[in-house]
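Note sheet for the following structure.
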Protein chains: 2
Amino acid sequence: MGALQSIAKAPRARPSLALLPFDTIIAGDCIAEMAKLPDKCIDMIFADPPYNLQLGGDLFRPDGSQVDAVDDDWDKFDTFATYDRFTRLWLAEARRILKDDGTIWVIGSYHNIFRVGVGLQDAGFWVLNDIVWRKANPMPNFKGTRFTNAHETMIWAAKSAKSRYTFNYRAMKALNDDVQMRSDWELPICGGQERLKDEDGTKTHPTQKPESLLYRVMLAASRPGDIVLDPFFGTGTTGAVARRLRRRWIGIEREPKYIAAAHERIAGTLPLDESAMEGMPERKGQKRVAFGLLVESGVIAPGTRLCDARRRWHAEVKMDGSLVHETLAGSIHKVGAMLQGAPSCNGWSFWHIEEAGGLVAIDALRQRHLAG
Amino acid sequence: MGALQSIAKAPRARPSLALLPFDTIIAGDCIAEMAKLPDKCIDMIFADPPYNLQLGGDLFRPDGSQVDAVDDDWDKFDTFATYDRFTRLWLAEARRILKDDGTIWVIGSYHNIFRVGVGLQDAGFWVLNDIVWRKANPMPNFKGTRFTNAHETMIWAAKSAKSRYTFNYRAMKALNDDVQMRSDWELPICGGQERLKDEDGTKTHPTQKPESLLYRVMLAASRPGDIVLDPFFGTGTTGAVARRLRRRWIGIEREPKYIAAAHERIAGTLPLDESAMEGMPERKGQKRVAFGLLVESGVIAPGTRLCDARRRWHAEVKMDGSLVHETLAGSIHKVGAMLQGAPSCNGWSFWHIEEAGGLVAIDALRQRHLAG
DNA sequence: CCCATTGTTGAATCTTTAG
DNA sequence: TCTAAAGATTCAACAATGG
């Protein structure tokens with residue numbers, strides 16, 4: 001297979017730091033091409049390696065349409081052992097070319113992220129955080145067989161425990177309404193105008209990452225002028241954001257189609273004005289509280305009887321947060337609607353609970369819970 | 001010392017399933033005590049293994065000898081190898097005693113969760129989800145050197161890829177305001193009245209998990225009467241929630257202090273009323289009703305015309321319960337699929353019948369029939 | 001032009017039972 | 001062990017369409 005042989009053939013003489021190819025895409029295998037770069041020349045690495053998804057057959061949505069799966073050859077590995085070997089090889093090169101105070105980010109899902117994490121730790125990297133990218137709009141689980149796979153994980157690691165790495169704490173805090181940035185980030189998936197499409201309208205790359213994600217990564221852990229390497233460059237999200245944030249970048253990519261798309265895309269991206277480097281629109285999700293959460297956290301006990309404001313209807317809270325009135329069962333909203341024969345109903349204001357002072361809308365309990 | 005020697009000494013004769021010690025805490029080392037349990041006797045395992053070798057005391061060198069404390073001279077690899085060895089040992093026992101259709105949950109942080117994930121995958125477990133517990137109120141990062149560590153990760157895995165595991169999809173959906181539950185759960189950390197304190201006011205256990213977390217875990221992946229094992233029982237959150245949700249439980253714990261606290265706590269926990277335990281019924285496993293039965297029993301008369309929700313297609317019910325549209329004939333599912341050109345179709349939700357108030361899905365007729 | 005409605009899609013390890 | 005049939009199953013964002 002390609003990678004291993006390429007490594008063996010890698011030239012011993014590497015270009016000097018001054019001759020590093022900045023702001024370009026290197027066509028080729030990531031391990032072989034990293035092998036040609038000098039030691040300790042990179043400030044930050046962002047890597048989006050294959051996830052090794054191991055998909056089975058076709059998957060259809062409830063409406064009968066078929067899910068466009070990631071079935072590309074580059075995501076296929078025989079066994080975990082093969083994947084581990086691949087991971088250790090590219091991580092070893094990545095570690096060699098990373099400056100002593102540099103950091104690496106790797107993104108993945110439960111299919112591969114544990115292998116990556118162990119690879120990083122065993123190679124001597126020092127994990128700083130695992131960051132959860134909470135997708136605002138993930139693909140649902142169509143068959144109702146598992147929890148919606150609604151996040152991906154990034155591991156952020158320094159080259160060693162002693163590294164004096166870059167972390168722009170104040171920039172992150174500013175980006176987050178003046179409270180510390182947490183290890184979970186809610187961002188939408190890549191879609192709309194940002195998503196690259198071929199002429200036939202199909203997506204150019206199956207797993208294009210959103211620029212907002214790279215924006216936050218780079219703003220957190222690099223400085224203007226830094227050299228950012230992406231060994232799995234794809235359609236160049238890392239390059240586009242690096243250019244926008246005035247970082248230098250190097251991309252390594254094998255597929256000519258992706259390289260062409262990335263070139264065009266990055267050429268169309270303008271560096272930000274110095275003055276504009278401060279922020280980027282972010283969606284701050286307003287807090288949503290499910291009724292079930294109040295049950296789980298003991299605010300409302302299973303078995304509690306609710307009624308409407310005029311005590312005409314009653315229903316009992318079950319342990320899963322559903323409401324039951326005789327043969328009717330469902331959410332607080334649905335049962336309220338069915339009882340009234342209405343098309344919809346706001347269960348938060350419709351249902352009440354008996355307290356010492358009289359009836360209290362369950363919305364009041366929610367507010368209390370939110371207030372802590 | 002414990003575990004390794006105990007394993008070697010583990011008796012070959014294990015108690016029969018009927019003699020399993022339910023609803024009790026076994027005092028001892030988790031590996032040694034699991035080794036005494038029979039094969040395939042557990043429905044669900046929840047494990048909160050030590051993250052930190054120093055705190056847990058579960059220190060074994062690769063050769064099996066015990067280590068008193070973490071020595072600064074140790075290099076990281078040795079430490080990781082030791083932790084991996086410990087992980088593989090307890091996971092092997094866990095896998096042996098788990099029923100073929102059982103599942104395991106393991107919670108951890110970036111310090112250990114990658115090692116656990118690889119251990120699970122290498123042992124043959126089949127990862128179903130990684131679940132992120134987003135802490136509503138995490139400890140801030142005081143030094144401002146990293147992102148606030150605001151989450152922990154749980155891995156949910158079946159014994160094998162072929163397992164027919166329990167997932168109470170509808171209960172989870174009910175708990176989440178009628179949208180399917182995602183892989184990221186926001187729950188508060190354990191505090192307030194729930195947090196166990198010693199007489200001097202210090203917390204009894206350093207990492208007591210909130211009951212709301214276990215509540216959701218158990219509600220999702222087990223059934224009343226199931227046997228839930230927690231090999232790192234601590235102060236018994238798993239036992240308390242199991243009792244509340246009418247599951248049977250087994251805890252293994254080494255520290256007498258934790259065992260005492262757990263006993264007292266669980267004794268003070270009451271099972272939910274039977275009536276509160278009836279939430280949203282899972283469709284899976286319900287009695288199946290053939291469409292023909294509704295025709296036979298007169299709920300739907302032969303000759304009735306059915307149509308889809310938007311009245312685009314029509315078909316007629318025949319006396320044998322088949323459906324006919326022009327030259328097409330077959331089951332409600334097959335005719336619906338053929339008309340839409342879809343690979344499959346749920347005829348119960350696709351086909352409707354004209355009633356006084358408008359169109360009604362034939363599934364509603366089925367539910368009525370089932371209700372009697 | 002605006003608003004409501006309908007259709008499309010995204011890193012997905014995605015069914016169960018009878019015969 | 002296999003095959004065939006029954007039957008259960010989706011959320012948010014965005015684009016396109018139509019009035």
Side-chain angles (χ1 to χ4, degrees), chain A residues 48-72 74-77 80 107-113 133 135-153 186 188-195 197 201-203 205-210 232 234 283 285, chain B residues 121 125-130 157-158 160-165 167 169-170 173 176-183 282-292 310 321 330-334 336-337 342-351 362-363 366:
Chain A
D48 183 11
Y51 286 10
N52 187 23
L53 282 188
Q54 311 169 73
L55 300 181
D58 294 337
L59 178 63
F60 294 90
R61 297 186 176 84
D63 67 4
S65 63
Q66 185 173 354
V67 173
D68 183 13
V70 179
D71 53 3
D72 306 69
W74 50 252
D75 197 48
K76 291 189 167 53
F77 295 83
F80 279 131
I107 186 167
S109 66
Y110 66 83
H111 308 86
N112 71 322
I113 198 67
W133 168 29
K135 301 181 185 185
N137 46 346
M139 175 149 31
N141 181 292
F142 295 114
K143 303 297 188 189
T145 54
R146 304 179 177 191
F147 297 97
T148 307
N149 206 346
H151 74 276
E152 293 186 24
T153 302
E186 175 166 344
I189 62 176
C190 182
Q193 294 303 310
E194 186 185 331
R195 188 83 194 217
K197 300 275 171 63
T202 59
K203 56 194 176 196
H205 193 286
T207 70
Q208 185 182 340
K209 295 293 176 288
F232 306 94
R283 26 184 322 102
Chain B
Q121 289 176 320
F125 287 100
W126 187 246
V127 177
L128 298 168
N129 279 112
D130 57 333
S160 81
K162 294 189 297 279
S163 295
R164 301 178 42 155
Y165 55 91
F167 178 53
Y169 174 76
R170 302 195 20 123
K173 192 169 172 175
N176 195 38
D177 268 4
D178 270 349
V179 293
Q180 55 178 215
M181 188 72 81
R182 300 167 38 118
S183 56
E282 298 296 324
R283 279 262 166 108
K284 190 165 48 178
Q286 261 191 349
K287 197 168 134 191
R288 292 165 78 118
V289 174
F291 182 68
R310 292 166 57 193
S331 70
I332 53 173
H333 313 290
K334 196 174 261 180
S344 72
C345 165
N346 181 352
W348 290 107
S349 54
F350 180 75
W351 292 110
I362 58 176
D363 187 47
R366 174 171 62 163

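For the numbers below, each heavy atom of this structure counts, side chains included, while hydrogens, waters and symmetry mates do not.
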Distance in angstrom units between His151(A) NE2 and dG10(C) P, rounded: 21 Å
Residue closer to the 5' end of DNA chain D, Lys334(B) versus Ser349(B) (nearest nucleotide): Lys334(B)
Asp75(A) side chain to Tyr51(A) backbone, donor-acceptor under 3.5 Å: yes
Paired stretches of DNA chain C - 3 or more consecutive Watson-Crick or G-U pairs, each distance under 3.5 Å: C:2-10 with D:11-19, C:15-19 with D:2-6
Sugar-phosphate only, base, or nothing, as touched by Thr207(A) at under 4.0 Å among non-hydrogen atoms: base
Touch class at under 4.0 angstrom, heavy-atom based, for Asp48(A) against every strand present: base
Under 3.5 Å donor-acceptor, Thr153(A) side chain and Gly108(A) backbone: no
Main-chain N/O of Ile189(A) paired with Asn137(A) side-chain donor or acceptor, under 3.5 Å: yes
Under-4.0 Å side-chain N/O to phosphate OP1/OP2 contact, Arg182(B) with dA12(D): no
Separation between the C1' atoms of dT13(C) and dA12(D), rounded to whole Å: 23 Å
N/O (side chain, Arg195(A)) to phosphate O (OP1/OP2, dT8(C)) under 4.0 Å: no
Touch class at under 4.0 angstrom, heavy-atom based, for Cys190(A) against every strand present: nothing
Side chain Asn137(A) and base dA12(D) donor-acceptor under 3.5 Å: no
Euclidean distance for P, dC14(C) against dG7(D) (whole angstrom): 23 Å
Any His333(B) side-chain nitrogen or oxygen under 4.0 Å from OP1 or OP2 of dG7(D): yes
Length of the line joining Gln180(B):CD and dT9(D):P, which is rounded to integer Å: 11 Å
Side-chain donor/acceptor of Asp72(A) to backbone N/O of Trp74(A), under 3.5 Å: no
Separation of atom CZ in Phe167(B) from atom P in dT15(C), rounded to whole Å: 14 Å
Residue Arg170(B), side-chain atoms from C-beta onward, closest of dC14(C), dG10(C), dT9(D): dT9(D)
Distance, P atom - from dA12(C) to dA5(D), rounded to whole angstrom: 31 Å
Syn-anti status, with the boundary at 90° from 0, for the nucleotide dT5(C): anti
Phosphate contact (dA15(D) OP1 or OP2) by Gln193(A) side-chain N/O below 4.0 Å: yes
Sugar-phosphate only, base, or nothing, as touched by Pro49(A) at under 4.0 Å among non-hydrogen atoms: base
Whole-Å gap separating P (dT15(C)) and CG (Leu128(B)): 12 Å
Sugar-phosphate only, base, or nothing, as touched by Val67(A) at under 4.0 Å among non-hydrogen atoms: base
Proximity to DNA chain D (any heavy atom under 4.0 Å), residues of residues 142-150 of chain A only: Phe142(A), Lys143(A)
Between dA12(C) (P) and Trp126(B) (CH2): distance, integer Å: 15 Å
Touch class at under 4.0 angstrom, heavy-atom based, for Gly347(B) against every strand present: nothing
Polar side-chain contact Lys135(A)-dA11(C) base: donor and acceptor under 3.5 Å: no
OP1 or OP2 of dT17(C) under 4.0 Å from side-chain N/O of Arg288(B): no
Arg283(B) CZ to dC14(C) P, straight-line distance once rounded to whole Å: 23 Å
Short side-chain N/O contact to dT10(D) OP1/OP2 from Tyr169(B), under 4.0 Å: yes
Expected output: side-chain Asn176(B) to main-chain Arg182(B) donor-acceptor under 3.5 Å: no
Which nucleotide in dC14(C), dC11(D), dG10(C) has an atom nearest any side-chain atom of Asn141(A): dC14(C)
Pair Gln180(B)-Tyr169(B), side chain to side chain donor-acceptor pair (under 3.5 Å): steps then yes or no: CA-CA 8 Å; Gln180(B) 55 178 215; Tyr169(B) 174 76; 2.9 Å; yes
No-H, no-angle donor-acceptor pair, Arg61(A) side chain to dG10(C) base, under 3.5 Å: yes
Shortest side-chain distance from Asp75(A), nucleotide among dT9(D), dA12(C), dA11(C): dA11(C)
Spacing of Cys190(A) atom SG and Lys135(A) atom NZ [to the nearest 0.5 Å]: 11.0 Å
Side-chain (Arg195(A)) to main-chain (Pro210(A)) donor-acceptor, under 3.5 angstrom: no
Spacing between Gln208(A) atom CD and dA11(C) atom P, to the nearest angstrom: 9 Å
Nearest-angstrom distance, C1' atom, dG7(C) to dT10(D): 14 Å
Side-chain N,O (Tyr110(A)) to OP1/OP2 (dT13(C)) below 4.0 Å: yes
Euclidean distance, atom CG of residue Asp63(A) to atom C1' of dA8(D) [Å, nearest integer]: 14 Å
Criterion side chain to side chain contact (heavy atoms under 4.5 Å, CB included) on Ile332(B) and Phe350(B), from CA distance to verdict: CA-CA 9 Å; Ile332(B) 53 173; Phe350(B) 180 75; over 6 Å; no
Pairwise 5' ranking along DNA chain C for Ser65(A) and Gln54(A), keeping only the more 5' one: Ser65(A)
Sugar-phosphate, base or nothing in reach of Gly191(A), heavy atoms under 4.0 Å: nothing
Distance below 4.0 Å between Lys173(B) side-chain N/O and dT10(D) OP1 or OP2: yes
